Amino acid sequence: MPPDTPTKKKAVALRYDVTQDASPKVVAKGTGEIAAKIIALAKEHGIPLQEDADLVEILAKLDLNADIPPDTYLVVAEILAFIYRANTKMTHS
C-alpha cells in the first residue's frame, strides 16, 4: 500500500455466553463503514471497546460464528476481564 493511502478501520465483535459457548465467537466483522457501524452500535449499547490491531487482524480472518483460535484465548481473556471490570464499575457507580 502506498504511504499516502490511509488504512481502513477494522472492527471485530465477539460474543461469549458461558451457558452456550465453548469459547468466544466472532459475531460481526468489517472494515471501513461497516467497522464504523460496529463501533457505533457498541457505543450505543454501552458495550466497552478495546483496541488491539494485531488481534483484530487475526480475528477478522475467521468466519462469522467461528470460535476464536486457542492461541488467542489469553488476549481475549484479558479483554473479557477489562469488560467485566468496566461493567462492575458502571453498576456500582
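Sequence positions, counted from 1, serve as the residue numbers for this chain. Basis for what follows: all heavy atoms, side chains included, without hydrogens, waters or symmetry-related copies. From a predicted model like this one, the values you see are computed outputs, not experimental measurements.
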Colleague: Looking at Val76, Thr72, Asp67, which one forms a side-chain contact (heavy atoms from CB on, under 4.5 Å) with Ser23?
Modeller: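 Output: one option passes, namely Asp67.
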
Colleague: Say you draw a straight line from CG of Leu41 to NZ of Lys37; how long is it, rounded to the nearest 0.5 Å?
Modeller: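 Leu41 CG to Lys37 NZ: 9.0 Å, rounded to 0.5 Å.
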
Colleague: State plainly whether one hydrophobic cluster holds both Ile34 and Leu64, where clusters connect Ile, Leu, Val, Met, Phe, Trp and Tyr through side-chain heavy atoms under 4.5 angstrom apart.
Modeller: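 No.
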
Colleague: Distance-only, no hydrogens or angles: does the Asp52 side chain make a donor-acceptor pair with backbone N or O of Leu55 under 3.5 Å?
Modeller: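 The answer is yes, because a donor-acceptor pair under 3.5 Å joins these two groups.
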
Colleague: Where is the tightest heavy-atom contact between Leu80 and Pro24, given as atom of each residue plus distance?
Modeller: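 In terms of heavy atoms, the two residues are closest at CD1-CG, 4.1 Å.
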
Colleague: Are Val18 and Phe82 connected in the hydrophobic side-chain network, where two residues link if heavy atoms are under 4.5 Å apart?
Modeller: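 Yes.
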
Colleague: Would the number of heavy atoms belonging to other residues, nucleotides or ligands and lying under 6.0 Å from CD of Glu51 be above 12?
Modeller: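 12 or below, so no.
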
Colleague: Hey, is the main chain of Thr31 close enough, under 3.5 Å, to the side chain of Lys10 for a donor-acceptor pair?
Modeller: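 Not at all, since once roles are kept as given, no pair shorter than 3.5 Å links the two residues.
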
Colleague: Please report the shortest heavy-atom distance between Ile38 and Ala13, naming the atom on each side.
Modeller: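 So the two residues come closest at CG2-CB, 4.2 Å.
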
Colleague: Return the NZ to CD distance between Lys25 and Gln20, rounded to the nearest 0.5 Å.
Modeller: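 So the gap between those two atoms works out to 8.5 Å.
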
Colleague: Please determine whether residues Ile79 and Tyr73 belong to a single hydrophobic cluster, defined as Ile, Leu, Val, Met, Phe, Trp and Tyr linked transitively by side-chain heavy-atom distances below 4.5 Å.
Modeller: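 Yes, it is one cluster - the side chains of Ile79 and Tyr73 are joined through contacts under 4.5 Å.
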
Colleague: Between Lys61 and Glu57, which heavy-atom pair has the shortest distance, and what is it?
Modeller: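 Minimum heavy-atom separation between Lys61 and Glu57: CG-O, 3.5 Å.
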
Colleague: State whether the side chain of Lys29 and the backbone N or O of Leu62 hold a donor-acceptor pair below 3.5 Å, judged by distance alone.
Modeller: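 Confirmed, Lys29 side chain pairs with Leu62 backbone.
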
Colleague: Determine the minimum heavy-atom distance between Ile68 and Leu14, stating which atoms define it.
Modeller: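 Distance-wise, the nearest heavy atoms are CG2-CD2, 3.9 Å.
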
Colleague: Under the side chain to side chain contact (heavy atoms under 4.5 Å, CB included) rule, what do Leu49 and Ile39 come out as? Steps first, then yes or no, please.
Modeller: CA-CA 8 Å; Leu49 300 171; Ile39 293 166; 3.8 Å; yes

Colleague: Do you know the tightest heavy-atom contact between Lys8 and Gly32?
Modeller: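 Result for this residue pair: CB-N, 4.1 Å.
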
Colleague: Ile58, Val27: one ILVMFWY side-chain cluster at the under-4.5 Å cut-off?
Modeller: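 Different clusters: Ile58 never reaches Val27 through Ile, Leu, Val, Met, Phe, Trp or Tyr contacts under 4.5 Å.
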
